[in-house]
Each structure stands twice: as structure tokens, then as C-alpha cells.
Amino acid sequence: MTCGPSCAVSLGDDRHDRYSHRACGRCSATAQRNATIPAMSTPCVRIADLAQYEGQSVQLQGWLYNRRSSKKMQFLQIRDGSGLVQGIVSKADAGDELFERAGAPGQEASLRVTGTVHADARAPGGFELRVTEVTEVGAATDYPLGKQAHGPDFLLSNRHLWLRSKRPTATLRIRDTIIRAIRDVLHRDGFINVDAPMFTPAACEGTSTLFDLDYFEDTKAYLTQSGQLYMEAAAMALGKVYCFGPAFRAEKSKTRKHLTEFWMLEPEMAYASLEDVMDLCESLLGEIAARVLNDNQRELVDLERDPAVLEKIVPPFPRMTYDEAAKILKDKTDFTYGDDFGAPDEEAITAGLDKPLLIHRWPHEVKAFYMKRDPNDPRWALGVDVIAPEGYGEIIGGGERATDLAFLEEQIEKHELPKEAFEWYLDLRRYGTVPHAGFGLGLERTVAWMCGLAHVREAIPFPRMMHRIYP
RNA sequence: UCCCCGGUAGCUCAAUUGGUAGAGCGUCCGGCUGUUAACCGGCAGGUUGUUGGUUCGAGUCCAACCCGGGGAGCCA
């Protein structure tokens, strides 16, 4: 599996590379808690904690990842979600009966395995389990995923099983780290989590295509494409807020950057400007990279992601205006001044950069109706896009919101939006409006970037795409 | 919606100018006392995406359709 962002089709999964199971602080706290079978004398432990039990008899609860065997030796690779370890069954030591029983379970059968922990240089990871007892919990025959490299269609159709493999588990651990980092940073900075509704009465921005559905007898509802407008209301109540949940786009996009259901973080701040938003983008992305580097070294190895790339994601990030970015494109692409940047334009602008790039002050025509205009030059909307390096594209879009009631009414009319649906939004300008700003961060694009994935579909447990809604 | 690529064994792929459809992996059986995607030997496994056409003969050529992948647009 050698996927960079430029690799077209390459989703083979080398299941049989293994975790190192050096002691890991993250796992040790939960080690004993997860025992579901009270062991008489042998403690039930997680593989990640095995090093602490050298010389002792322990029980593992896991699944058979792979087996190698000869007439008198078996090597059972066992995974339990915390790591991977090799179990040794020697016919001479174990006896014929146990040896035969240990040889029966198929790949991905669930097992309880008892044995003694030994340090051994020949074992992957340095420790192995000399097996004294094996109990099959749930049988598995003809497990569909094998050592063979698989194609994307097959893997995605078997996503519920693919999840057990090395790359998906590493990716999901990093996704978890990123989610926790985001919540930690925002709470530290005084943000309150306020969740936005998934059902909405109308388009938030009027541009993207919405999924619609019947909301009881006579009403149409839509799945939200953004919680931002609701966050503006919440910011007027709590000052600094964020929502973090799924967003839905019915765009018929089939690219490695698109999902129909994706997770979006949307912070919103009262009494804040475009500059404040850009500062928050920087500090948040910097902290995310630092947390992944700190918490997920093993996963980065599993994903063959070079940590040096992430070590460079340290603020400050370069910033430029749309106007400056457009000048870079002169004679490089077929870009037309005044248009939004396309994917080739983004790549040309960010070529050679190893940090995200903040592009601000956009032609108001290409931005949403609620964007505030630059008081110094009304041609520009006070928006900012953050473009990730390595071709991962736009991971953040945001800016300062318009506060003037008459201006917004005019924009709603110009964009042919149903004004009734926005009365509540206009109320926010009628009753104590303040300068405010925020942004939306695409979680899967961020995860894909941190992990070096070829496609955002690997950055979410069960991807929803134009042609795929199973499993 | 548009452009490009693909669909052959459970999986990953081969099959010369149109001429009897193959290999590896996996399963199963056998061999092997330290394997590292173990290795070695063997069995089984197919209406070549669908429909129609050209031809003595189609996996191969033509048409339509279905499904998937990549990209564009749009976006996070």
C-alpha cells in the first residue's frame, strides 16, 4: 500500500505488519478495567500492557490476526485492539490436545488466550506469550480479508471488517486524538460546546445542494450543511461557542476530498474579527499536529507517515490576500481573476509550502451572503480559507459575519433566499448585534492530512459517498 | 452534469494480430521445531458485469446499458 495524495488507486492493506507493543501510557490506565471475565489467579490484561507482566501468567481477550505453523510449533498472532502479540504453542510443552485445539480457530476468530509473558528477541515487539490455554469465543471461517492486497471497492464493501486492520485502526486512533485536541483547546480558551440541529427548514448558505426529506405530512426538511447560523445565535448567548457534528452535502462530487456526510467543527466568537479567526485557525491546527505527534507515534509508523512533515506545522502560518495569491497564479494556470481558486490553482499557490496557507479578503461574489465586507474596500469579503499543504486542499473556510440588518436583507434578496426562513437570523441583528466571526473545519480532511491518507473516505469509520451507503 | 480509466476464480491480476481461460494469494489436504505477509507439495474453484451485434470462431472488435474508480465543477 503506497498511497500518497497523488496515487490514484492503491488501497491494498498489509494486514500482517505488526504493532510494536512497547509500553504505552495511554493504554495502561484502562488495562485492568476491561476484564470481563474474572480471572482466578491470572490477570486479564491488554496487549499494550504486556511488558509489565514479564514472567507472569496472564489472559488475553482478542482475535486471531494470523497464524504460522509447522508440525510442532504454532505462532498465533493475537490482536485485542490495544496491540498485537505473538502467542507460541509448542507441541512438546503444550501437549497434543492443546496443540490441536490451538490450531483449529480460523483467521479473526475471537479467542481467550492464557500464557506466560516472555521477552524474546525473535518475537515482533520483543515479547511473546507462551500459550497454556486457548478458548475460542466466536468461530470464524473464510474471513474475507486476507494477506492479498485488496482493491478499494472490495475494502469499502467490507468496511465493517476492514476496520480491524492496521491502517484503519491507526487512522481511527489519530481521528480520536484530533477530536480530543480540538475540544481541549477550545475549552481551554473558554468556548462552550453548543450543538446545532441536523434537521433544518432551509439552506444555510443557499449554494450547496441539500438532502431533503419529508418532515411529517406537509413539511419538507433538509439535512444541515452547516451549523454556523445557529452558532451565531449561540455566540450572542454564550460569547464563544462551537458545534461539532455531521454535515451533509448532496453535491455529486466524486473526488478524494469529498464525502456526502462529514464532520465539521464550527467555532463562533462574539466581539471578534477576521484577525481573531485567523489566529484561532493557526493555534488550533498547530495544537492538533503537536498532539498527534505526542500521542500517536506508533500509529504514524503504521501509516508510514513521516513525523517530520507534522513537526513543521508550527504557527505562525503564511498569510496572503486573495489579490496576492492571484498574482502568484499569473501565467501558471488558466485562472481568471475574480473567480474562486480551483484545485489546480490551490496547488500552484501552495507549491513548496510546508505549512498551511491562510488566504483572506476574497471577492465578495464568490463568498456566502452573510460575509462582512472589508470597510476599507467593499470589493472584498472578510473571509479566510486555510489551504493544507501536500494537496489536501481547503480544510477551513470562515470569516467575519455581516452585522448590518439592511445589508443582510439585501443580500438575502439578491441570492433569492426565502426571507421567512431567515427572520430568526435577522433578529440577531435587530437585538444587540456585535462584530462576530467564526469558521468551519473539515474533520476528515484534517485527519487525512495528518495521517497522509490518499482519500478522505479512510478518515471516517463508515464513509458516505455518492455511490456508497453500505455498510 | 462533464471528461478519463476499469469490470476475467472468494481476493489481486495475466491471457500475443480475434483461435481450447491461466497464475499468485486465500480455503481445504499433506510436509516441516522459531515462524516474521513463513516456506514446500497437492485438490477444488469460471455463463469473462448485462443485453444485443460483427465473425467459421469474441475475454479480446462494435453499440447500448449497469456497476465501480479517478478527476472537473462545487465545497470542508
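Throughout, a chain's letter reflects where its sequence line sits, starting with A, and its residues are numbered from 1. Predicted model, so just to flag it, every value in this text is computed and none were measured. Just the heavy atoms: all of them, side chains too, but no hydrogens, waters or symmetry mates, feed the values below.
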For [X], report the nucleic acid contact type (base, sugar-phosphate, nothing); a contact means any heavy atom under 4.0 Å.
| X | answer |
| --- | --- |
| A:Lys257 | base |
| A:Ile395 | sugar-phosphate |
| A:Ser69 | base |
| A:Asp120 | base |

Pairing of RNA chain B as dot-bracket, 5' to 3': ( ) intra-strand, [ ] crossing, | other strand, . unpaired, with Watson-Crick or G-U pairs under 3.5 Å? (((((((..((((.....[..))))..((((.......))))......(((((..]....))))))))))))....

Nearest to the side chain of A:Lys254, heavy atoms from C-beta on, is which of B:G71, B:C11, B:G73? B:G71

Reference residue A:Glu268; test side-chain hydrogen bond (donor to acceptor under 3.5 Å, both in side chains); the match among A:Lys240, A:Arg401, A:Gln228: A:Arg401

Using the side chain to side chain contact (heavy atoms under 4.5 Å, CB included) rule, pick out the option among A:Leu358, A:Ile395, A:Thr350 that qualifies with A:Ile387. A:Thr350

Taking atom types as they are modelled, would you say the side chain of A:His258 forms a donor-acceptor pair with the base of B:C75 within the 3.5 Å cutoff? yes

Can a donor-acceptor pair under 3.5 Å be found between the side-chain atoms of A:Gln74 and the base atoms of B:G34? no

Taking only heavy atoms on the protein side, list every residue of residues 442-451 of chain A lying under 4.0 Å from any atom of RNA chain B, sorted numerically. A:Gly442, A:Arg445

Starting from the 5' end of RNA chain B, give me the residue, A:Ser253 or A:His467, whose nearest nucleotide shows up first. A:His467

Exercise answer: donor-acceptor pairs, residues 340-348 of chain A side-chain atoms, under 3.5 Å, sequence neighbours excluded:
unit_1, atom_1, unit_2, atom_2, d
A:Asp345, OD1, A:Thr333, OG1, 2.7
A:Asp345, OD2, A:Gly342, N, 2.8

B:G34 base stacked by A:Phe75 (centroids within less than 5.5 Å, tilt under 30°): no

Heavy atoms of other groups near A:Lys72 NZ, more than 12 under 6.0 Å: no

